[in-house]
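Everything on this sheet refers to the single structure shown next.
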Amino acid sequence: MFGGLSELSILSILRIIVDIAAVWFIFYKVLMLIRGTKAIQLLKGIFIVVIIAFLSSEQILDFPMLAFLSSQAITWGFVAIVVLFQPEIRRALEQLGRGSFFSRNKGSEEEQTKKNIEAIVKSCNYMAKRRIGALITLERETGMGDYIETGIPVNGHLTFELLTNIFVPNTPLHDGAVILKDNQIAAAACYLPLSESPFISKELGTRHRAAMGISEVTDALTIVVSEETGAISCTKNGELFRDITPDALKEILVKEVSVPASGSKVRRWRGKNG
């Protein structure tokens with residue numbers, strides 16, 4: 001093996017390295033594109049079938065029937081992939097055409113994130129003063145696709161007016177959680193898992209339990225506006241921060257979801273579409 005490598009020229013070795021890097025880059029981009037959607041579950045199933053086909057091959061375990069079935073699944077699976085992944089494939093091709101598949105306008109993303117933070121803080125402050133209950137979850141690295149599907153799709157630009165109007169009492173979308181994703185309001189009236197922790201105060205209601213529940217199973221940042229007291233609370237990583245001021249909320253959002261400066265390790269508000 002090493003003798004064969006020694007016969008390769010430096011140009012050939014560089015070509016192999018670039019080839020492998022390009023494949024991994026495309027694989028990474030595709031993985032980021034479908035993260036948080038049902039496609040990621042299908043991708044896991046495909047990997048399992050490929051592993052079964054590899055292990056049952058003549059060179060490894062030599063299980064002819066299992067190898068035949070898995071090879072047929074792979075062959076016909078490509079047709080199924082095109083059908084099932086149609087939205088993701090179309091989105092990837094659109095991004096490729098716009099050039100955003102490889103690059104990101106960081107300046108505009110920072111500006112948009114700043115506007116979103118202002119809209120969230122202004123909306124929470126408005127609702128807190130009028131004791132309008134609200135539950136707002138910001139998707140971060142963990143995909144929220146399963147929870148988004150429990151609600152009503154909105155896919156609207158995040159603005160103070162839209163976010164506040166959703167939670168106006170006695171309107172169709174006011175009950176449940178709003179989930180923010182990719183600088184948009186992805187869905188409203190979403191169901192979140194309730195925390196079963198015995199350490200949550202009895203005086204806190206369903207919204208706080210839902211905020212704690214989602215923070216225990218994902219890395220999402222969730223904001224609660226109490227309907228009873230008008231207090232603003234925030235949860236992340238299983239922790240509850242109660243009675244925070246609008247300025248404190250803004251500081252948390254800036255720290256947790258802002259686009260980091262170059263080289264910074266601060267987590268940014270994920271925007272898969274650039």
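Numbers here are sequence positions counted from 1.
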For this session: Enter the distance from Ile136:CD1 to Leu221:CG here, rounded to the nearest 0.5 Å.
Result: 10.5 Å
Exercise. Does Ser195 offer a backbone N or O that forms a donor-acceptor pair with the side chain of Arg209 under 3.5 Å?
Worked result: yes
For this session: Quick one: do Lys236 and Asp219 satisfy side-chain contact (heavy atoms from CB on, under 4.5 Å)? Show the steps, please.
Result: CA-CA 7 Å; Lys236 65 170 186 173; Asp219 64 348; over 6 Å; no
Exercise. If every non-hydrogen atom of Ala128 is compared with every non-hydrogen atom of Gly230, which pair is closest and at what distance?
Worked result: CB-O, 3.0 Å
For this session: Report yes or no: does Thr150 contribute a side-chain atom to a donor-acceptor pair with the main-chain N or O of Cys190 at less than 3.5 Å?
Result: no
For this session: State, to 0.1 Å, how close His174 and Val168 come at their nearest heavy-atom pair, and which atoms those are.
Result: CB-O, 3.2 Å
Exercise. When you measure from the side chain of Thr235 to the backbone N and O of Ala211, does any donor-acceptor pair fall under 3.5 Å?
Worked result: yes
For this session: For Thr222 and Cys234, run side-chain contact (heavy atoms from CB on, under 4.5 Å): C-alpha distance rounded to whole Å, both residues' side-chain angles, the deciding distance at 0.1 Å, then the answer.
Result: CA-CA 6 Å; Thr222 301; Cys234 178; over 6 Å; no
Problem set entry | Asn116 side, atom CG; Leu163 side, atom CG - distance, nearest 0.5 Å | 10.0 Å
For this session: Quick one: do Ile223 and Phe241 satisfy side-chain contact (heavy atoms from CB on, under 4.5 Å)? Show the steps, please.
Result: CA-CA 10 Å; Ile223 305 164; Phe241 304 89; over 6 Å; no
Seminar exercise, completed: Taking every heavy atom of His208 against every heavy atom of Ser233, the minimum-distance pair comes out as NE2-OG, 3.5 Å
Seminar exercise, completed: Across all chains, not counting sequence neighbours, the side-chain contact (heavy atoms from CB on, under 4.5 Å) partners of Ala134 are Met127, Phe167, Val225
Exercise. Who pairs with Thr164 by side-chain hydrogen bond (donor to acceptor under 3.5 Å, both in side chains), at least two apart in sequence or on another chain?
Worked result: Ser123
For this session: Enter the distance from Ile244:CD1 to Arg242:CZ here, rounded to the nearest 0.5 Å.
Result: 12.0 Å
Problem set entry | Heavy-atom side-chain proximity of Tyr147 to Thr218 below 4.5 angstrom | yes
For this session: Output the distance between atom CD1 (Ile232) and atom OG (Ser226), rounded to the nearest 0.5 Å.
Result: 10.5 Å
For this session: Would you check if Glu227 and Arg207 make a side-chain contact, meaning some heavy-atom pair closer than 4.5 Å?
Result: yes
Problem set entry | Between OG1 on residue Thr206 and CG on residue Leu192, distance to nearest 0.5 Å | 11.5 Å
For this session: Go through the steps for Glu118 and Lys250 under the test side-chain contact (heavy atoms from CB on, under 4.5 Å), then give the verdict.
Result: CA-CA 8 Å; Glu118 293 291 342; Lys250 184 176 181 179; 2.7 Å; yes
Exercise. Do you know the tightest heavy-atom contact between Gly238 and Glu216?
Worked result: CA-CG, 4.2 Å
Exercise. Taking atom CE of Met212 and atom CG of Leu204, what is their separation to the nearest 0.5 Å?
Worked result: 9.5 Å
Exercise. Which atom names give the shortest non-hydrogen contact between Asn165 and Thr171, and what distance separates them?
Worked result: O-OG1, 4.2 Å
For residues 153-161, dump all side-chain donor-acceptor pairs below 3.5 Å to protein atoms at least two apart in sequence or in another chain.
{"unit_1": "Thr159", "atom_1": "OG1", "unit_2": "Leu162", "atom_2": "N", "d": "3.1"}

Exercise. Under a single-linkage definition using a 4.5 Å side-chain heavy-atom cutoff for Ile, Leu, Val, Met, Phe, Trp and Tyr, are Val49 and Met65 assigned to the same hydrophobic cluster?
Worked result: no
Exercise. Side chains of Leu253 and Leu138: does their closest heavy-atom pair fall under 4.5 Å?
Worked result: yes
Problem set entry | Shortest non-hydrogen separation from Ala231 to Asp243 and the atoms involved | CB-OD1, 2.9 Å
Exercise. For the hydrophobic clusters of this structure (ILVMFWY residues joined by side-chain heavy atoms under 4.5 Å, transitively), does one cluster hold both Leu194 and Leu135?
Worked result: no
For this session: Considering only NZ, NE, NH1 and NH2 on the basic side and carboxylate oxygens on the acidic side, decide whether Arg140 and Glu256 come within less than 4.0 Å.
Result: yes
